[in-house]
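In what follows, a single structure is set out as structure tokens and then discussed.
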2 protein chains.
Amino acid sequence: MTKEAAGRARPGRTPVPAGRRARPRQAEVARLAGVSQATVSLVLSGRATATGRPISEETRKKVLDAAHSLGYVPDPAASRLAAARNNLLGVYSFTATFPTDVRHSYYPFLVGVEQEAAAQGYDIVLFTGSSSGGAGAAGAGALNRVRLADGCLFLGRHVPVDELHRLVADGFPVVHVGRRDEVEGLAWVGADYVSAGREVVTALTGLGHRRILLVREDDDAPASTDRERGFLDGLTASGLPAGPNAVVRCGDPRREVTADRVRAWFADGVTAFVAEETDTGAAWRALRSAVAEAGLSCPGQVSLALLGSPPPDLADGPVPMGFDIPRPALGAEAVRLLASRIGGGAVGSTLVACTFRPGATAGAPATP
Amino acid sequence: MTKEAAGRARPGRTPVPAGRRARPRQAEVARLAGVSQATVSLVLSGRATATGRPISEETRKKVLDAAHSLGYVPDPAASRLAAARNNLLGVYSFTATFPTDVRHSYYPFLVGVEQEAAAQGYDIVLFTGSSSGGAGAAGAGALNRVRLADGCLFLGRHVPVDELHRLVADGFPVVHVGRRDEVEGLAWVGADYVSAGREVVTALTGLGHRRILLVREDDDAPASTDRERGFLDGLTASGLPAGPNAVVRCGDPRREVTADRVRAWFADGVTAFVAEETDTGAAWRALRSAVAEAGLSCPGQVSLALLGSPPPDLADGPVPMGFDIPRPALGAEAVRLLASRIGGGAVGSTLVACTFRPGATAGAPATP
DNA sequence: CGCATTACCTAATACGCATTAACGAGCCGG
DNA sequence: CCGGCTCGTTAATGCGTATTAGGTAATGCG
């Protein structure tokens, strides 16, 4: 089964494109230096000494001189092929990574991702759910495209679980940004919404509030569930009832959280409202404008808090009490975890703490 | 000299890393489909029919099914090494692509780049200039990593000209976003500041202004030079003198454009001021506050215009007359040009038109 | 002086994909 | 019924670099 037939056929492409080669290869450096290609590789990669394979100073110098005089630059394709590693780290988001409309993109995560990836020696490949690029087709196997990278980060609230599971099951290194437990074996880094939510509620009860309402959207993403969980924990911890009527869940906050309803809640004794942060910020927007429209002053009559950060277009308003999600840190942590997985590390998931933000929308409740 | 020694030594790395491979190869697809690796390549690359080497419909289907069920994706490094495309499009920026300081971000360009790249079937690889990792080390060979992709876009004011030139000279497809003439053979896409500047001036003279002053910074970037050129063209086209005293060039606008000077210019008959846009927006800031401080109303007494877009932190002020740089369009155009170069197209550079913005800072001059 | 070390290098792979010469199988025409 | 087709597929390369088993002097040791 060995190459006894060698020398018979000579396929492949033309050996040399007529004129002088554009780029020198290690083989040419080797010829000029009077050594073998392997030696050139050893010298240039610096691996020689590292692996206990000594190279004489004289040879090293000859090789370096030759390489320099020929202007040798390594071909990254060949390096990566030989090393069986592309040093490519995928980032998959289910919407365009750079959206035109919603400024609320994944940008803050990417700040951390880019930085940490660079630090770890990876370049980033951007995959978006919308794009049909690459060799893979769209639709069913859309996620498969990411396999060209050494590993991949996933961003987004709504993920095709089956496909993701398939990747994980195949042993492809994957890390999800955001908690996600329903996919078995999936590593993730998430923000600790439970603790952060609890802290916000505790701050409000500390101010004296006894009736607090959470306005959330009708979405079962873990991020929403955790926030509610933290909210309820906070109530319980403060000795308040954490019943279902402490939470308003609405499909369309704009329509369901009206000035009238806010007025009614206020009349009923509610002195503080808490909204969850989502992609669109719908809950917070609705709450904010309903309170204003109802003619209630904040924080004079009612206190408001936001479980997250306000959407950028509302940045000029008063800073809401709430917490900040350390998105760049999350992104960086995700990269670290992914790099570890690529290197064969275990599947540890991580929770990152959020930082409490006192803000200017909460005060002691009015005492009529 | 043939391989008669084969079978003796068996170096290379371990054939299979214990468990099942994460990434399927063509060979595995072939095994599953019951054909040879070559057939898989022929089918998947679509080159079969093109090269007059027909594949039966049955075989094609078997192969596609197998590839799909394995989640096969071609290895970009291997494709590239084998002198083929990998549908990766590099984006290299000389600073972080996602800076914490949003002001200098390339975000608006990337919106267009991402969209057009997706439309053309490319995935995007982000090569971060600051990265010291990857195959290439920092400094000398930093740009070399981009050779893994089919072509690369470059963004940034400060470019290592030598390295870039090397890429261009080697025939690697490169497009620079922003005009850049000092690198020979480099293709670029830029904004047409000359026409846009002329249009702004024409709008002002159309309103009746006869004495217009350009405030620019002391910087010889093409973007600045072109704006001045357009400004002067506009004056000439309106039959006004385009002498050097129509332009104020200052190293530190904050200090050189004062309320006193503005008052003096106004007394001298200047009814309209034009500032250039730069990274910092220094000229515009200085002009804006000097006019306000001088107690001159705008657009009542003096008209203002900005050759570009206002810095984000001034976004809430009145919209200045001027023009908008179509950054997403520029990004998209750059991708189109790059795709064409990858396909063997010529090195055409392109100017993209800016859109005039009437704004609210310009009106007819007062007639005392 | 003979054998074990050491110090340096080279030969011979493999990496995954694209390409092409060659081969086997049907199909005609003579 | 056989040479010459066409059609479909495979075997055997090459791309440029990394890796590792071996080989060969030079040196050490008893």
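Naming convention: chains lettered A, B, ... in sequence-line order (proteins, then strands); numbering from 1 in each chain.
- dG30(D) is paired with dC1(C) under the criterion used here, namely a Watson-Crick or G-U wobble arrangement in which both key atom distances are under 3.5 Å.
- Residue-to-nucleotide proximity on DNA chain C shows that, of Gln37(A) and Asp75(B), the 5′-proximal contact is made by Gln37(A).
- Minimum interatomic distance between Ala334(B) and Val189(B) (heavy atoms only, all atoms of both residues): CB-CG2, 3.7 Å.
- Between the OH atom of Tyr72(A) and the C1' atom of dA18(D) there is a distance of 11 Å, rounded to whole Å.
- Arg31(B) and Glu28(B) are not joined by a salt bridge, as no carboxylate oxygen comes within less than 4.0 angstrom of a charged side-chain nitrogen.
- Arg80(B) has its CZ atom 13 Å from the P atom of dT19(C), to the nearest Å.
- Ion pair Asp75(B)/Arg80(A) not flagged as a salt bridge, since none of the NZ, NE, NH1 or NH2 atoms sits closer than 4.0 Å to an Asp/Glu carboxylate oxygen.
- One interatomic measurement links the two molecules: CD of Glu28(A) to C1' of dT17(D), which rounds to 14 Å at whole-angstrom precision.
- Atom pair Leu81(B):CG and dT13(D):P shows a separation of 18 Å (rounding to whole Å applied).
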Are any protein N/O atoms closer than 3.5 Å to N/O atoms in nucleotides 6-9 of chain D? If there are, list each pair with its distance.
| from | atom 1 | to | atom 2 | distance (Å) |
| --- | --- | --- | --- | --- |
| dT9(D) | OP1 | Ser56(B) | OG | 3.4 |
| dT9(D) | OP1 | Thr59(B) | OG1 | 2.2 |
| dT9(D) | OP2 | Ser56(B) | N | 3.2 |
| dT9(D) | OP2 | Thr59(B) | OG1 | 3.3 |

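- If you take CZ of Arg23(A) and P of dC15(D), they are 14 Å apart, rounded to a whole angstrom.
- Taking the nucleotide of DNA chain D with the nearest heavy atom to each of Ala78(B) and Val40(B), the more 5' of the two is matched to Val40(B).
- The side-chain hydrogen bond (donor to acceptor under 3.5 Å, both in side chains) pairs that include a residue from residues 341-350 of chain A number zero, where partners must be two or more places apart or lie in different chains.
- Look at Ser41(B) and you'll find a side-chain N or O under 4.0 angstrom from OP1 or OP2 of dA18(C).
- Aromatic ring pairs are classed by plane angle as parallel below 30°, tilted from 30° to 60° and perpendicular above 60°; the pair Phe154(A) and Tyr92(A) is tilted.
- Using a 4.0 Å cut-off between charged side-chain N and carboxylate O, Glu182(B) and Arg180(B) make a salt bridge.
- Between Asp150(A) atom CG and dC15(C) atom C1' the separation is 14 Å, expressed in whole Å.
- Residue pairs meeting the salt bridge (charged side-chain N to carboxylate O under 4.0 Å, His left out) criterion with at least one member in residues 62-73 of chain B, sequence neighbours excluded: Lys61(B)-Asp65(B).
- Atom CD in Gln26(B) sits about 13 Å away from atom P in dT10(D), given to the nearest Å.
- Using a 4.0 Å heavy-atom distance criterion, Ala38(B) is classed as a base contact.
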